[in-house]
Amino acid sequence: HPSVNMVSILSLSLPELSRKLRDGSLPPEHVFYAYLSKALQITRETNCITEYMQESETQLQQARPPGKPGLLYGVPVSIKDSINCQGHDSTLGFVKNINQPMAEDSVLVQVLKRQGAIPFVKTNVPQSLISFDCKNLIFGQTFNPLLYTRTPGGSSGGEGALIGGGGSILGFGTDVGGSLRFPAAFCGICALKPTGNRLSKKGVISGIPGQKSVVAAVGPMAKDVESLALCMRALLCEDMFNLDSTVPPLPFNEEVYSSTQPLRIGYYETDFFTMPSPAMRRAVRETKKLLEDAGHTLVPFEITNVDYVTYNFCVRGMFADGCTSFLKKFEGELERSSVGTFFWLAKLPNCLKTLVSWIAKPFVPRLSNIIRSMRTNTVDELWGLHHEIEESCHQFIAQWKKLNLDVMLCPMLGPALGIGYPGKLSVAVSYTMLYNSLDFPAGVVPVTMVTDEDEKELKGYQGYFRDRWDRTLAKAFHGSVGLPVAVQCVALPWQEELCLRFMKEVETLTLKKNQIV
């Protein structure tokens, strides 16, 4: 349409766009077709969209509602494949799920529509969702919009690529080990993984339904923190609480989000399990300095036992049935490369897992521990594990309270790895998965880019174990000058507003520094 200025529409932030749509100064049709056009361009480049939702055009034609329009009135939004939308497949990358349209919208999509948003596309995922790459046999590989030889991350990788490329202003994904945070960090955008039950998961399909040890969450992804805050404001409403009564009726706390009180911030540069890349370490150090210069107090936080948490809580917790539920999903499917060696280890009977674990221990201790953690547990052992996870969470909170912290600044894996590497590096989820195990809200904010100096330093990267995984990770980080690197911002359970406030502070200080530079 000749009168539509696509460039000016696409350059608006979500709060600005929302304001113009709600006050009537921008027609929803113009916004919709501007984003649709951009989304088609980005999917041609990155292969991120799995389905166009034709009914979005019908929703667009509906008359403006009487009275005050919803906070997201007229905003086109993208939805991850595994979040149910009526009349559309939720494939999880499995061929058996093609042509199995969902009978109704997930609660999340229902609330979005009631707030006036227009879900217009569904986006790609890795087969099974249990991967931080983004490839399956139905839709193929999704590419990072910043560099096509890199993965966009996963499992919400289609969302990361689409939003990172500018083809969507607001999208929704899920996270059980970093699946919102990896794509955000790899594609240079922001994301929030809330506490597991802050937003409804009703009608959202999980990679391993029924497992409770590692807590999954649904959350938003966008270009900036203010957009995430606006989204949470819109979603935490009566509709959400009425449609899913298991969600605590906690509306968005404006006072906490807009507070300007100095924060007491814990931080660490490494988890001593996955050695950070030089850029990851620098990202934390530089952000720490910016925060200190702005008047906040930074306190070193001693992070311990991440190896134990990774093997015993995360791997053992997710696959406590000896991987039976996970393997069942692959029955009759051809492609399994997204989960790599892990799939074949999962198939071993218990006695062989024990034997292989014992043989591998002197040579590859990490592999040995992972294989051991994939054995079948008795009910008694599983209850013991759940009790241990609860105790560990209480201890972590006690350490947090002893230091009188408000929030925590943590590393985030980055830069984006080469395509195919995530399948060989399942251990690299340690920085993110910790906060699924603890069920703390965690957000990601891009703060820097890989420099030539980082690349030089990488030559000395050996890792903590000097095993095949460490060597592979060094290769995966290589050749990344100019790619974004993020940090994680973490708060205690149910404190999403404080988490967002901290993210906003990090984002503002980073932008200020970049303007000066």
Side-chain angles (χ1 to χ4, degrees), residues 39-40 42-43 46-56 76-110 112 117-144 151-165 167-168 170-184 186-187 191 193 199-209 216-221 326 329-330 333 335 338-339 422:
L40 289 171
I42 297 302
T43 201
T46 65
N47 187 36
C48 55
I49 292 174
T50 58
E51 213 172 341
Y52 169 57
M53 295 157 82
Q54 195 78 47
E55 69 276 15
S56 55
V77 296
S78 48
I79 309 286
K80 182 179 182 176
D81 166 279
S82 58
I83 299 171
N84 291 353
C85 295
Q86 187 179 15
H88 298 275
D89 296 339
S90 295
T91 67
L92 278 69
F94 288 121
V95 172
K96 65 166 80 74
N97 294 336
I98 297 174
N99 294 331
Q100 306 288 328
M102 294 299 142
E104 63 175 357
D105 286 333
S106 55
V107 166
L108 176 81
V109 170
Q110 288 181 55
L112 284 168
I118 303 171
F120 75 121
V121 288
K122 291 201 84 177
T123 56
N124 206 19
V125 294
Q127 187 185 34
S128 84
L129 307 186
I130 310 298
S131 163
F132 63 106
D133 204 342
C134 193
K135 178 192 178 189
N136 60 67
L137 205 60
I138 310 166
F139 303 107
Q141 174 76 50
T142 298
F143 305 96
N144 191 311
T151 175
S155 61
S156 312
E159 284 300 320
L162 185 61
I163 298 164
S168 172
L170 178 64
F172 296 87
T174 59
D175 188 311
V176 79
S179 292
L180 282 159
R181 290 163 286 163
F182 282 118
F186 288 5
C187 297
K193 177 206 82 72
L199 296 177
S200 173
K201 291 181 279 193
K202 194 175 171 205
V204 176
I205 301 181
S206 156
I208 304 176
V218 176
M221 302 168 78
F326 174 70
K329 297 249 180 185
F330 285 88
E333 299 287 326
E335 172 79 346
S338 63
V339 283

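It should be emphasised that the depicted structure is a prediction, and the values quoted were computed from it without experimental measurement.
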[X] [atom1] to [Y] [atom2] distance, which is reported to the nearest 0.5 Å:
X: Phe139; Y: Asn47; atom1: CZ; atom2: CG; result: 9.0 Å
X: Leu170; Y: Glu159; atom1: CG; atom2: CD; result: 8.5 Å
X: Glu55; Y: His88; atom1: CD; atom2: NE2; result: 3.5 Å
X: Ser179; Y: Leu129; atom1: OG; atom2: CG; result: 7.0 Å
X: Met102; Y: Asn84; atom1: CE; atom2: CG; result: 4.5 Å

Taking all atoms of both residues into account, what is the closest heavy-atom pair of [X] and [Y], and its distance?
X: Ile138; Y: Phe94; answer: CD1-O, 3.4 Å
X: Cys134; Y: Gly158; answer: SG-N, 3.6 Å
X: Pro119; Y: Ser56; answer: O-CB, 3.4 Å
X: Thr46; Y: Ala161; answer: OG1-CB, 4.0 Å
X: Val121; Y: Leu162; answer: CG2-CD2, 3.8 Å
X: Gly167; Y: Phe120; answer: O-CZ, 3.7 Å

By side chain to side chain contact (heavy atoms under 4.5 Å, CB included) - contacts of [X] (at least two apart):
X: Asp105; value: Cys85, Gln86, Val109, Gln110, Lys113
X: Ser206; value: Pro209
X: Ala191; value: Leu180, Ala184, Met221

So, does [X] use its side chain to make a donor-acceptor pair with the main chain of [Y] at under 3.5 Å?
X: Asn136; Y: Gln127; answer: no
X: Thr50; Y: Lys122; answer: yes
X: Ser90; Y: Asp81; answer: yes

What do the steps show when you test Asp133 against Gln141 for side chain to side chain contact (heavy atoms under 4.5 Å, CB included), and what is the final call? CA-CA 9 Å; Asp133 204 342; Gln141 174 76 50; 3.2 Å; yes
Flag side-chain contact, heavy atom, 4.5 Å: [X] against [Y]:
X: Phe172; Y: Leu199; answer: no
X: Ile79; Y: Leu112; answer: yes
X: Ile42; Y: Cys48; answer: yes
X: Pro183; Y: Pro152; answer: no

ring-ring contact (aromatic ring centres under 6.0 Å, His included) partners for Phe182, two or more places apart: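 Residues passing ring-ring contact (aromatic ring centres under 6.0 Å, His included) with Phe182: Phe132, Phe186.
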Restricting to pairs with a member in residues 84-103, which pass salt bridge (charged side-chain N to carboxylate O under 4.0 Å, His left out), not counting sequence neighbours?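 Sorted result for residues 84-103: Lys96-Glu333.
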Could you work out, with side-chain hydrogen bond (donor to acceptor under 3.5 Å, both in side chains) as the rule, every residue matching Asn144, not counting sequence neighbours? none
As a quick check of understanding, evaluate side chain to side chain contact (heavy atoms under 4.5 Å, CB included) for Ser200 and Leu108, giving each step before the final call. CA-CA 6 Å; Ser200 173; Leu108 176 81; 5.9 Å; no
Working note: Glu51 + Thr91, criterion side chain to side chain contact (heavy atoms under 4.5 Å, CB included); need CA distance, chi angles, decisive distance, verdict. CA-CA 11 Å; Glu51 213 172 341; Thr91 67; over 6 Å; no
Answer with yes or no whether the side chains of [Y] and [X] bring together a donor and an acceptor at under 3.5 Å.
X: Ser156; Y: Lys80; value: yes
X: Thr174; Y: Lys201; value: no
X: Asn124; Y: Thr142; value: yes

